[in-house]
Each structure stands twice: as C-alpha cells, then as structure tokens.
Amino acid sequence: MPRIVFLGPPGAGKGTQAKELARAFGIVHVSTGDLLRTAAREGTPLGLEVEQFLRAGQLVPDPLVLRLLEEQLVRPEAAAGYLLDGFPRTRPQAEALEALAPVDHVVYFEIPESLLVDRLTQRRSCPVCGSSYNLATNPPRVAGRCDRDGVSLIQRTDDQPEAVRTRLEVYYRQTAPLLDFYAQKGKLRRVDASADIPTVTRRIRAALGP
Ligand code: AMP
C-alpha cells in the first residue's frame, strides 16, 4: 500500500507525472489543487473564498485543505495506496499528515528556478479532466484541444506572470523547508526533474525502487 508524496515547486511536472504513475501503480492520485479548483468552480460561498486564494497564488488556509484531504484518504479506493500531488505545502500540513497516515516516500522534483516560469506560462490545462500541456514541449495533438476529451484548453488564472511570481515565493518560503523535515525522516528521494517527461518518469520509478 504505497503512500507517496510529490514535492517540488510549481511547474516542476508533479501533476503530469502523478497522473501517469498513479495509473501505472493502480493507486489514487490526490491533487489538492484540482480539488480546490473544482470547489472554486462550484461557486458556493466556500468556493468563492477559495477562488480568491487561487487567483492570487496564495496558499489556501491549512484547516480547509486538511479537511479536503482527509475526505479523500478515507475513501475505500485510497486503501490500495495514494499519491499526493501538491500536499503537504506547509509544516503544519506535513505534521498533520504524519499523525494521520505517515507516507513512505517523498519524491522531490529538483529543478532550476529559471525553467519554472517558462513552463508555467507555456502551460495550458483541460478544465474538465485536468490534463496539462506545454505549448512548446508537449503540445496537444489538435491545437487548443484536450487529447483526452476534445475540450478547449484554458490558461489557469494562476499561470499568469504575477500569480506565478507569488507562487514561487510562497513555495520557497513555506514549502521548501519540508525537504529537511522529510530528509530527517529518511523519506526524501531526490529526482532531477529538468528533463523530458518520459525521462523523469523513469527517474521517479528508479527512485521509488523495485
Ligand atoms: P497546484 O495545482 O498544486 O499548483 O495548486 C494550485 C493552488 O491551489 C495553489 O497555488 C494554492 O492556492 C492551492 N493549493 C493547492 N494545494 C494546496 C495545499 N496543500 N495547501 C494550500 N493551498 C493549496
């Protein structure tokens, strides 16, 4: 029952790799970003509040994200294991997760900051299935349309330059300290994430072992 966390800056490729590997391993992919975007789209009072944080590139408050995550981990499908993508992002989240269900491996997507801004601004996403593309390196087969469901691709509001800058700052200040937290527990697996998608997939598999 593997419990895996993907940790790394925005634009490192966590979501792309998580979709692929969760399917290959037969475990659940939990993206707190996707869950929050869905909540924001529903337009409930809570969703509207969430939307403000997303748009600004700020973190959604810990109690709210923790509640969303716990709901996912108690689903029967999660019993076979899960891959957390975008969670934890703060020390209190990491501590809450350790208390709830300690993870086995934390894969750290190591990548120079200079590559991230380009990857984020070139990204286009499917609003329905969440697939993401890069206009330069991983374009859809038909321009502007999702390969999986044909829906028109969008640019996430937080992939605009100003929100991108905030997200990177937030990452370095609040999330990067988790590297030490997990290294001390012997759970950190470093992967060079600056290569193309299949190469990074192979590196992650190797880092997770047989
Ligand atoms: P992502 O899709 O992982 O890039 O997440 C998009 C946005 O969702 C982030 O910029 C945050 O606003 C919010 N978010 C996602 N995961 C978390 C989390 N674990 N804690 C707080 N906010 C989160």
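Being a predicted model, the structure only gives us computed values, none of them experimental. Position 1 is the first residue of the sequence; numbering continues from there.
Looking only at distances, a side-chain donor or acceptor of Tyr133 sits under 3.5 Å from a matching main-chain atom of Asp147. Panel note: side chain Thr201, backbone Ile197; a donor-acceptor pair is recorded below 3.5 Å. With hydrogens and angles disregarded, no donor-acceptor distance shorter than 3.5 Å links the side chain of Lys19 to the backbone of His29.
In terms of heavy-atom proximity, Val170 sits nearest to Leu59 at CG1-CG, 3.5 Å. When every heavy atom of Pro140 is checked against every heavy atom of Arg145, the shortest pair comes out as CB-O, 3.1 Å. Considering all non-hydrogen atoms of both residues, Ala12 and Leu116 come closest at N-CD2, 3.9 Å. Considering every non-hydrogen atom in both Lys14 and Pro9, the closest pair reads NZ-O, 3.1 Å. Residues Gly86 and Thr32 share a closest heavy-atom pair of O-OG1, 3.1 Å. Scanning both residues, Ile111 and Ala193, for their nearest heavy atoms gives CD1-O, 3.6 Å.
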* Residue pair Leu46, Leu64: steps toward the side-chain contact (heavy atoms from CB on, under 4.5 Å) verdict -> CA-CA 10 Å; Leu46 182 72; Leu64 204 161; 3.7 Å; yes
* Where do Tyr171 and Glu113 land on the side-chain contact (heavy atoms from CB on, under 4.5 Å) test, with the steps shown first? -> CA-CA 11 Å; Tyr171 170 76; Glu113 188 177 348; over 6 Å; no
* Evaluate the side-chain contact (heavy atoms from CB on, under 4.5 Å) criterion for residues Leu208 and Arg205: first the C-alpha distance (whole Å), next the side-chain angles of each, then the deciding distance (0.1 Å), finally the verdict. => CA-CA 5 Å; Leu208 290 174; Arg205 282 180 175 275; 6.0 Å; no
* **Candidate pair Asp104 and Lys187, rule salt bridge (Lys or Arg N to Asp or Glu O under 4.0 Å), full reasoning** => CA-CA 6 Å; Asp104 306 308; Lys187 294 181 177 179; over 6 Å; no
* Asked: Passes side-chain contact (heavy atoms from CB on, under 4.5 Å), Cys146 versus Val128? Steps please.
  -> CA-CA 9 Å; Cys146 180; Val128 173; over 6 Å; no
* Given side-chain hydrogen bond (donor to acceptor under 3.5 Å, both in side chains), test Gln58 with Thr166 step by step and report yes or no. => CA-CA 7 Å; Gln58 299 285 359; Thr166 306; 5.4 Å; no
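Within 6.0 Å of CZ in Arg75 there are more than 12 heavy atoms belonging to other residues, nucleotides or ligands. Counting heavy-atom neighbours within 6.0 Å of Arg41 CZ, excluding the residue itself, gives a total above 12. The number of heavy atoms from other shown groups lying within 6.0 Å of CD (Glu77) is above 12.
Taking CZ from Arg55 and OG1 from Thr157, the interatomic distance works out to 5.0 Å, rounded to the nearest 0.5 Å. To the nearest 0.5 angstrom, Leu84 atom CG is 6.0 Å from Leu69 atom CG. Note that CD of Gln17 and CZ of Arg203 are 10.5 Å apart. Values are rounded to the nearest 0.5 Å. Going from atom CG of Leu153 over to atom OG of Ser132 covers 9.5 Å, rounded to the nearest 0.5 Å. We find the CD-OH distance between Glu98 and Tyr182 to be 5.5 Å, quoted to the nearest 0.5 Å. The SG atom of Cys129 sits 4.5 Å away from the CG atom of Asp149 when rounded to the nearest 0.5 Å.
The only member of Arg124, Arg165, Arg167 that meets salt bridge (Lys or Arg N to Asp or Glu O under 4.0 Å) when paired with Asp159 is Arg167.
The side-chain heavy atoms of Asp196 and Pro198, taken from C-beta on, include a pair separated by under 4.5 Å. Looking at Val103 and Ile4, their side chains never come closer than 4.5 Å, going by heavy atoms from C-beta outward. Here the side chains of Arg89 and Gln174 are not in contact, with every heavy-atom distance at 4.5 Å or above. By the 4.5 Å heavy-atom criterion applied to side chains, Arg3 and Pro102 are counted as neighbours. Using a 4.5 Å heavy-atom cutoff, the side chains of Arg119 and Thr137 are not in contact. Using a 4.5 Å cut-off on side-chain heavy atoms (C-beta onward), Phe53 and Leu36 make no contact. With contacts defined as side-chain heavy-atom distances shorter than 4.5 Å, the pair Val191/Tyr108 does not qualify. Leu73 is listed as a side-chain neighbour of Leu97, based on a closest heavy-atom distance under 4.5 Å.
Partners of Asp34 under the salt bridge (charged side-chain N to carboxylate O under 4.0 Å, His left out) rule, at least two apart in sequence or in another chain, are Arg37. The salt bridge (charged side-chain N to carboxylate O under 4.0 Å, His left out) test applied to Arg156 returns Asp158, not counting sequence neighbours. Judged as a ring-ring contact (aromatic ring centres under 6.0 Å, His included), and not counting sequence neighbours, the contacts of Phe109 are Phe6.
With hydrophobic clusters built from ILVMFWY side chains whose heavy atoms lie under 4.5 angstrom apart, Val5 shares a cluster with Val28. Leu83 and Leu7 fall into different hydrophobic clusters, defined by Ile, Leu, Val, Met, Phe, Trp and Tyr side-chain heavy atoms under 4.5 Å apart, directly or through other members. Cluster annotation: Leu66 and Leu54 are assigned to the same hydrophobic cluster (Ile/Leu/Val/Met/Phe/Trp/Tyr, side-chain heavy-atom contacts under 4.5 Å, transitive). Under the 4.5 Å side-chain contact rule for hydrophobic residues, Val30 and Val106 share a cluster. Hydrophobic clustering of Ile, Leu, Val, Met, Phe, Trp and Tyr side chains at less than 4.5 Å, counting indirect connections, unites Phe87 with Leu179.
Side-chain contact annotation: Asp62 with Thr90, donor-acceptor N/O pair under 3.5 Å present. Residues Ser125 and Gln155 have side chains that never bring a donor and an acceptor to within less than 3.5 angstrom of each other.
Using a 4.0 Å cut-off between charged side-chain N and carboxylate O, Arg91 and Glu95 make a salt bridge.
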